[in-house]
Enquirer: 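If you scroll down you'll find the structure; I have some questions about it.
Owing to the predicted nature of the structure, the values given are computational and were not obtained by experimental measurement. Chain letters run A, B, ... following the sequence lines, proteins first and then strands; every chain starts at 1.
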Amino acid sequence: MSNHFSYRSALSTSIRGLLARTVKKSKPKSEIPGSQNANITDTRYQIIKRILYETPKPELPKMTEQDLERHETIDRAWKLFLRNQQEERENELAAKYRKLNEANLELEKLGPRLFNSAQIGNKIMMFPRQMKIPTETPPLNGWNYDYKPLSSDPTKNSKPLPSDPIKDSEPLPSNPIKDFEPLPSDPNKVSS
Amino acid sequence: MLTRSKKLFLYNRYQFLSAVPRIFNKTSLHTYQKSLPPANLPDSPSFYPGRTSILRMEDFYHSTLSTDLMILSYKDPESEQKFIEKRQKEHLPIKKSVLTRDINPFAINRPPPKPRGNKKRLPVPPKQSPKTIPKLLKIDVHCMIKEAIHSKQHLLSGIMALQCITSERPTVVYSKTGVAQWKLRKDMPIGCKVSISGPPMYTFLDKLVEIVLPRMKEWHGIPITSGDQNGNIAMGFPASALSLFPDIEGNYDMFPLMTGFDVIFNTTAYTDYEGRMLLSGFQIPFTPRKKMGRKGRINRN
C-alpha cells in the first residue's frame, strides 16, 4: 500500500553501525576558537568553488527563424571578410617571397663575394628591444627628445635617459654581437 | 573512467573553448546523437562569440613581423638543404641485425628500431615558402600546486587564477607516478593547465609583455638556452608574478593561495633560434650569453 515510502538503505545495519562508530564527531579545525586555520580561508575556497562550478547555466538566446537567418548572414559575412583579409595577406607575402627568391638567385649568379655577404649565415638576429608595438593612443610621457642609444664601446657608461620608467628602469642588455643593427624602418609604413 | 580514445575525442572537440564554462561541456554524445549543433550557434560547445577588441599583437604580427621574419628566416638553398638533411638523418640502430630488416621478410611490419645512444629524431621541416614563416600557434599555461597533496581545495585557487589570467577554464592535471617522499600517489590531482590560442592568446601576451614582465623583480629575461630544439620556448614565473596581472591585482585578497606558473609558447618554427626571433618581435626579452667563447656560442640551428 505504502511501499514506495519505505526506502531501503544500500548498506546493511551492521555496516552502518560500524561507520557511525568510526566517524569522529569533532568540530572542524576552522571553527575551534583560537585556531591557526582562520575561517576566512574556508569561506574563500567555498566561494571560489561556487563561482567555478555552481553558477547558474546562462540562458541561451532563443532565436526565431528570422533571428537565425540574421545570425547566419552576419556570421557568413564576417567569415568572408576574414577569408578575404587572409587571402590578401597571403598573396602579398607570396609576391614578396617570390621577389626575394628571384633576387637571391640573381645575386648568386653575380658572384660569390656579394652573395655570401648578403646571406645571414651564422649571425644572430633578433628584433631590437627599443622597438615599439603600435598602440591606439600615444604614450603618457610623450616623446623622449633626449634619448641616446647605448654606445657599443663598453668603457663609456652612457645610459639612455629614462623615458619609459617601466621599461628603462633596468639597463638594456648589452648586445654581444657587434654587427647587430636595428631593422631599418619601412618609409612606406604609417607610423602610429 | 574515460578510455584513451574518449579522452582524445573530448580533447579535440573542446580544446579551444572560450566563453562557455567547462561544466556545460559534460554532455557526451549518445549513440542516437550523431552530431552536435553547428559551431556558429550559441548552443554548440565550440561556439566562440567573437573577438571583443582589436588584437594589437596579432595586427602587429600581420603588418610588420611576418614580412620581417620571412626575410630574416630566409635561407639560401644550400644551407636549407643541409638543415633538412640533418633532420632527416637516420641514426644507427642499437642492434646490427636490424640493418638487414629489408631483406628479412619476418620483420616487415615491425616498429622502427631504436637509435643508438638515445638520439632523438626531430621533426623534418618542409621546404621554405611564405607559408612556413614562424607563427605563434598557442600558449600553454600550467600551474603545479604542491599543497594539493594534503588538501585538494588548494587546486581551486590555481584554477581560478589561471581562468582570470587567460579567460579560459583550465583542466586539472593528474600525477602520472607516485613519489613516496612527497606523499604523492599516482592519479592524484596535482595541478592545472590551460591552452589558449587566437584572441585570448594575444590578449594574454599583451598583458604579459606590457604589464607583468616590466614589473617583475630580479628578472633579466628568458635564458637564451630555453627551448625544446623545435621552436617552442618556455618560461617560469614565481608566485609574486601572479599578483602583477591586472585581473588578479584587482581582487588580490580573494585568492587564498598564490602559485607560480609556467608559460610555454608553441610556435610553428622548427628551430629554437627562429622561435626566439619571433618572440623577440613580440618584445619578450632574452638574456644574452655573458661569455662569447666556445661554450657561449648560440647555435643558429
Enquirer: Which of the residues B:M57, B:Q163, B:H62, B:M160 is involved in the greatest number of heavy-atom pairs with chain A at under 4.5 angstrom?
Expert: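 Max contact count across the listed options: B:H62.
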Enquirer: What side-chain donor-acceptor pairs closer than 3.5 Å can you find for residues 242-251 of chain B, not counting sequence neighbours?
Expert:
residue: B:S243; atom: OG; partner: B:S240; partner atom: O; Å: 2.6
residue: B:D247; atom: OD1; partner: B:K207; partner atom: NZ; Å: 3.3
residue: B:D247; atom: OD2; partner: B:K207; partner atom: NZ; Å: 3.2
residue: B:E249; atom: OE2; partner: B:R215; partner atom: NH1; Å: 3.4

Enquirer: In Å and rounded to the nearest 0.5 Å, what is the CG to CG distance from B:L205 to B:L136?
Expert: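 It is 6.5 Å, given to the nearest 0.5 Å.
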Enquirer: Check whether B:T203 reaches the backbone of B:P199 with its side chain - one donor and one acceptor, N or O, closer than 3.5 Å.
Expert: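 Flag set: sc B:T203 to bb B:P199 pair under 3.5 Å.
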Enquirer: Taking side chain as everything from C-beta outward and backbone as N, CA, C, O, which of these in B:I284 sits under 4.5 Å from a heavy atom of chain A? Side chain, backbone, both or neither.
Expert: neither
Enquirer: At a 4.5 Å cut-off on heavy atoms, which part of B:L279 comes close to chain A: side chain, backbone, both, or neither?
Expert: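 It is neither, since no heavy atom gets under 4.5 Å.
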Enquirer: So which residue, B:S129, B:S157, B:G221, ends up with the most heavy-atom pairs under 4.5 Å with chain A?
Expert: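 Among B:S129, B:S157, B:G221, the one with the most close pairs to chain A is B:S129.
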Enquirer: Taking the basic N atoms (NZ, or NE/NH1/NH2) and the acidic carboxylate oxygens, is any pair closer than 4.0 Å for A:K96 and A:E92?
Expert: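 Result for this pair is yes, salt bridge flagged.
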Enquirer: Within this structure, what is the CG-CZ distance for the pair B:D206 and B:R56, rounded to the nearest 0.5 Å?
Expert: 4.5 Å
Enquirer: Of the listed residues (A:Q119, A:E72, A:K79, A:R89), which shares the most heavy-atom pairs with chain B below a 4.5 Å separation?
Expert: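 The residue among A:Q119, A:E72, A:K79, A:R89 with the greatest pair count is A:R89.
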Enquirer: Taking NZ, NE, NH1 and NH2 as the nitrogens, is one of them in B:R51 or B:E58 under 4.0 Å from a carboxylate oxygen of the other?
Expert: yes
Enquirer: Let me know if A:L93 has heavy atoms under 4.5 Å from chain B in its side chain, its backbone, both or neither.
Expert: both
Enquirer: Under a 4.5 Å cutoff for heavy-atom pairs, which residue among A:E108, A:H71, A:E90, A:R98 has the most contacts with chain B?
Expert: A:H71
Enquirer: Measure distances from B:S79 to the heavy atoms of chain A and classify the residue's part below 4.5 Å as side chain, backbone, both or neither.
Expert: neither
